[in-house]
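Everything numeric in this text was worked out from a predicted model, so none of it was measured. Throughout, a chain's letter reflects where its sequence line sits, starting with A, and its residues are numbered from 1.
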Number of protein chains: 2
Amino acid sequence: MKNKNVTIYDIAKEANVSPATVSRVLTGNARVRPETMKKIVAIIEKHQFRPNELARSLLYKKSKMLGFILPDITSPFFSTLVLKSESYALKNGYSSFVCNSMNSREMESKYLQTLLEKQVDGIVFLGGRINNVAPPKEQIEELKQVIKRVPVVLVNGSLPDLDAPIIRSDEGDGVKQLVQLAIQKGHTKIGFLGGTIGVTSYELKLAAFEEEMKKVGLPFNKEWIIPDSFSIASGEIVIEKLIQTKEMPTAILCANDYVAMGAINQLQKHGYEVPTDISVLGFDDMYISQYFPPGITTISQNYERLGQTAIEVLLNMIEGKEVERETIIPTTLIHRHSCL
Amino acid sequence: MKNKNVTIYDIAKEANVSPATVSRVLTGNARVRPETMKKIVAIIEKHQFRPNELARSLLYKKSKMLGFILPDITSPFFSTLVLKSESYALKNGYSSFVCNSMNSREMESKYLQTLLEKQVDGIVFLGGRINNVAPPKEQIEELKQVIKRVPVVLVNGSLPDLDAPIIRSDEGDGVKQLVQLAIQKGHTKIGFLGGTIGVTSYELKLAAFEEEMKKVGLPFNKEWIIPDSFSIASGEIVIEKLIQTKEMPTAILCANDYVAMGAINQLQKHGYEVPTDISVLGFDDMYISQYFPPGITTISQNYERLGQTAIEVLLNMIEGKEVERETIIPTTLIHRHSCL
DNA sequence: CTGTTAGCGCATTCAA
DNA sequence: TTGAATGCGCTAACAG
């Protein structure tokens with residue numbers, strides 16, 4: 001069986017001191033006579049004693065734990081963001097719970113409760129309900145209750161009438177950069193493919209696309225706006241539909257790099273070469289994108305800054321400081337070879 | 001400021017009962033008069049009261065928390081595995097800490113300590129030091145100390161002389177299936193590319209490759225064994241080297257799908273068509289692999305079973321049951337179009 | 001069925 | 001500089 005857990009009492013007894021003194025050397029919050037200290041430290045080492053953080057948390061009313069709620073860690077966007085955030089949180093002494101909701105609202109609720117019960121000091125919410133254009137009232141209400149108890153930050157999303165700080169990358173501006181690039185390369189017939197209707201990341205990008213197209217006086221052809229979802233398979237589907245149209249665009253913006261990959265594949269199956277016959281632009285700059293032939297021209301979200309800022313804001317809230325209601329992280333155009 | 005946390009004492013006072021009674025309705029471990037129950041439940045609802053799990057953990061000496069130590073959640077292998085594991089853990093009432101060590105031994109050590117202090121009930125260790133063929137003694141020793149305090153399972157790795165259960169997928173058999181497939185397609189000149197020397201996943205696969213080649217009496221040409229690492233870039237590098245050899249193989253096994261992708265790209269740059277000129281076989285069956293032209297023939301590790309089994313074994317250990325020292329999960333050949 | 005008490009491991013008063 | 005006592009929030013005896 002496992003070692004019975006050794007506590008400060010055991011250490012104290014062995015050192016012939018009181019538990020309080022052991023606690024003092026552990027925290028360093030009070031002076032201890034050097035010899036006593038040395039003796040205690042030796043015994044701590046000997047037993048490989050580590051203080052029970054749970055007990056401390058109970059006392060301090062601070063758990064030094066953060067929760068992340070996200071749809072699916074398997075998606076490069078979320079995994080990269082979590083990686084950066086977690087690393088920054090650790091630097092500040094916080095451990096991270098990762099909760100995959102699988103995009104289910106019930107799971108989100110369950111995890112919200114669990115995180116509350118575990119007494120996390122803060123929650124980072126990504127995707128899911130905060131990406132819905134019209135979320136049900138109960139879902140908003142639930143989160144409203146949560147933020148009364150623990151600080152929450154929203155990344156790349158929002159919820160109407162919810163007073164929680166938002167950290168988001170400038171997706172709209174990213175789309176505009178893409179449109180500008182296409183125009184600069186001489187394209188005038190530009191489509192927008194993929195993305196899920198009702199999901200903010202799609203609606204936002206589409207709105208920016210329409211705005212930019214109209215601003216520069218280019219035709220906004222509804223036939224070339226074909227939503228579906230954000231997967232590779234979706235990219236294929238969307239090309240099948242595009243091919244049915246009277247006329248093909250010469251450049252297409254895709255809702256993300258997955259859609260772009262599916263699109264490129266499917267275009268080639270139909271004999272279109274990318275970028276010579278048609279230019280394809282992505283979004284997100286996933287790890288594979290630079291290698292996916294011919295190399296996808298895309299927008300990089302600044303994951304490091306996005307993650308770090310989210311944690312920064314969250315920690316500030318935890319410390320009771322005032323924080324920005326919304327922080328926008330710029331996006332960057334990555335030139336590669338899928339746009340000519 | 002935040003709501004002062006309400007406790008069972010507050011609930012008890014408001015309901016004119018003792019804290020113990022409130023606790024009883026919370027746990028359901030003892031009968032409570034229906035009316036009392038109703039009253040208490042109402043007050044709990046009213047305050048949205050949730051019991052402090054930290055306090056419970058302190059009492060039960062069980063935190064219902066699990067820790068995962070892994071190099072990098074951004075890698076599809078790890079993220080998929082974590083996703084499956086976490087979901088299964090949750091079904092059993094456990095929350096999951098995810099710790100990205102970035103393949104640094106110091107980070108692994110730090111996280112090990114943190115997890116111990118947080119009183120996790122068990123640890124899943126993936127990659128990092130347990131994937132080294134010859135790890136330093138201190139690293140083994142450290143883990144030996146850890147397993148004295150908390151159950152640990154090792155996934156797809158091991159540490160000499162460490163008494164911790166191992167769950168691994170049958171990588172060796174996977175390689176053999178690949179070799180068999182190549183032979184069946186008429187190949188006799190087969191190479192093995194990518195992978196990092198000194199990392200078990202490479203050494204293991206290479207050994208299986210050599211064994212199988214010799215078993216069927218095929219030439220084991222050392223020129224066609226070119227290690228590097230497990231990245232896409234590595235696949236490109238490795239092809240550059242392969243092209244320098246006197247003679248090209250007609251089929252290559254790659255250490256994983258990333259290497260295969262890089263290899264396919266680079267081969268095409270040199271005018272080799274996959275699979276008509278050369279067959280390329282991968283390993284891991286990542287999400288992109290089916291879409292990466294021409295569709296990568298590869299080996300799927302059964303992530304769901306791998307993850308679930310790891311958690312199962314860990315939970316059994318936590319409950320003090322005897323467990324298998326080693327569990328092997330079979331791998332599956334996925335036929336696609338990169339092997340002709 | 002319900003209340004009282006004690007203790008999980010720790011840090012912090014307050015005295016000495 | 002050190003020790004004794006207290007309480008963080010909860011549950012499990014033990015009485016009643």
Side-chain angles (χ1 to χ4, degrees), chain A residues 2-41 43-44 47-65 114 116-121 149-150, chain B residues 2-41 43-44 47-65 93 116-121 149-150:
Chain A
K2 298 287 153 194
N3 284 352
K4 185 191 166 312
N5 268 327
V6 7
T7 72
I8 51 170
Y9 288 93
D10 303 316
I11 305 292
K13 191 174 297 174
E14 194 165 335
N16 287 315
V17 297
S18 75
T21 305
V22 178
S23 174
R24 286 182 184 109
V25 341
L26 249 28
T27 62
N29 287 343
R31 305 195 58 77
V32 175
R33 187 147 47 97
E35 307 129 61
T36 321
M37 164 99 85
K38 242 178 78 185
K39 187 169 58 177
I40 295 177
V41 167
I43 299 177
I44 288 178
H47 290 286
Q48 301 255 352
F49 168 76
R50 304 284 162 226
N52 183 330
E53 277 296 332
L54 258 36
R56 281 185 170 173
S57 299
L58 191 57
L59 205 55
Y60 290 144
K61 295 172 183 298
K62 296 220 172 292
S63 64
K64 289 285 185 175
M65 305 190 299
T114 305
L116 245 27
E117 290 171 0
K118 293 282 187 206
Q119 312 295 121
V120 295
D121 294 334
R149 295 160 172 267
V150 56
Chain B
K2 300 286 151 193
N3 282 354
K4 185 195 165 312
N5 266 325
V6 4
T7 72
I8 52 169
Y9 288 92
D10 303 317
I11 305 292
K13 191 173 296 174
E14 193 164 335
N16 287 316
V17 298
S18 76
T21 305
V22 178
S23 174
R24 287 187 182 103
V25 343
L26 250 27
T27 62
N29 287 343
R31 305 196 57 78
V32 175
R33 184 147 49 96
E35 307 129 61
T36 320
M37 164 98 87
K38 241 178 79 184
K39 188 169 57 176
I40 294 176
V41 168
I43 298 177
I44 288 178
H47 291 287
Q48 302 257 349
F49 168 76
R50 304 284 163 226
N52 182 331
E53 277 295 333
L54 258 33
R56 280 185 172 172
S57 299
L58 191 58
L59 202 56
Y60 290 145
K61 294 170 183 298
K62 296 214 172 295
S63 65
K64 289 286 185 176
M65 306 190 299
L116 245 28
E117 290 170 2
K118 293 284 185 204
Q119 313 295 122
V120 295
D121 294 335
R149 295 161 171 267
V150 56

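- T27(A) comes within 4.0 angstrom of the backbone, heavy atoms only, and of no base.
- Between the CD1 atom in I44(A) and the CD1 atom in I8(A) there is a gap of 9.5 Å [rounded to 0.5 Å].
- In this model, the phosphate group of dT1(D) is approached by a side-chain N or O of R31(A) to a distance below 4.0 Å at OP1 or OP2.
- T27(A) places a side-chain N or O within 3.5 Å of a backbone atom of S23(A) that can act as its donor or acceptor partner.
- Taking atom CE of residue M37(A) and atom C1' of nucleotide dT2(D), one finds them 14 Å apart after rounding to whole Å.
- Across all strands shown, V22(B) has no heavy atoms under 4.0 Å from either base or sugar-phosphate atoms.
- Between P34(A) and P19(A), the one whose closest nucleotide on DNA chain D sits nearer the 5' end is P34(A).
- Taking for each of T21(B) and R56(A) the nucleotide of DNA chain C with the nearest heavy atom, the 5'-most of the two is the partner of T21(B).
- Applying the 4.0 Å criterion to OP1 and OP2 of dA11(C), one finds that N29(A) has every side-chain N and O outside that range.
- Between I11(B) atom CD1 and dG9(D) atom P there is a gap of 13 Å when expressed in whole angstrom units.
- Rounded to whole Å, the distance from CD on Q119(B) to C1' on dC10(C) is 11 Å.
- With values rounded to the nearest 0.5 angstrom, R50(A) atom CZ is found 12.0 Å from Q119(B) atom CD.
- Rounding to the nearest 0.5 angstrom, the gap separating the CG atom in D121(B) from the OG atom in S57(B) is 7.5 Å.
- Put simply, the side chain of K64(B) never gets that close to the backbone of G93(B): no donor and acceptor are under 3.5 Å apart.
- Taking the screw axis at each terminus of the helix from dC1(C)-dG16(D) to dA16(C)-dT1(D) from five consecutive base pairs, the angle between the two is 50° to within rounding of 10 degrees.
- Considering NE2 of H47(A) and CD1 of I43(A), their distance stands at 6.5 Å, rounded to 0.5 Å.
- Following rounding to the nearest Å, N52(B) (CG) and dC10(C) (P) show an atom-to-atom distance of 17 Å.
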Stepwise side chain to side chain contact (heavy atoms under 4.5 Å, CB included) test for K61(A) and N5(B): CA-CA 9 Å; K61(A) 295 172 183 298; N5(B) 266 325; 5.5 Å; no
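- Phosphate proximity of dT2(C) to T36(B): present, with a side-chain N or O under 4.0 Å from OP1 or OP2.
- In this structure, the CD atom of E117(B) is 11 Å from the P atom of dA11(C), given to the nearest Å.
- Rounded to the nearest 0.5 Å, atoms CG (L54(B)) and CE (M65(A)) are 5.0 Å apart.
- By the 4.0 Å N-to-carboxylate-O rule, R56(A) lies close enough to E53(A) to be salt-bridged with it.
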Report all interatomic pairs (protein N or O, nucleotide N or O of nucleotides 5-8 of chain D) with separations under 3.5 Å.
from	atom 1	to	atom 2	distance (Å)
dC8(D)	O3'	K61(A)	NZ	2.8

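- Atoms CZ and CZ, on R24(B) and R33(B) in that order, are 13.0 Å from each other to the nearest 0.5 Å.
- As a whole-Å value, the separation of I40(B) CD1 from dG3(C) C1' is 12 Å.
- Atom CG in L54(B) sits about 11 Å away from atom C1' in dC10(D), given to the nearest Å.
- One finds no side-chain N or O of R24(A) lying less than 4.0 angstrom from the OP1 or OP2 phosphate oxygen of dA11(C).
- Regarding L26(A), its CG atom lies at a distance of 15 Å from the P atom of dT2(D), rounded to whole Å.
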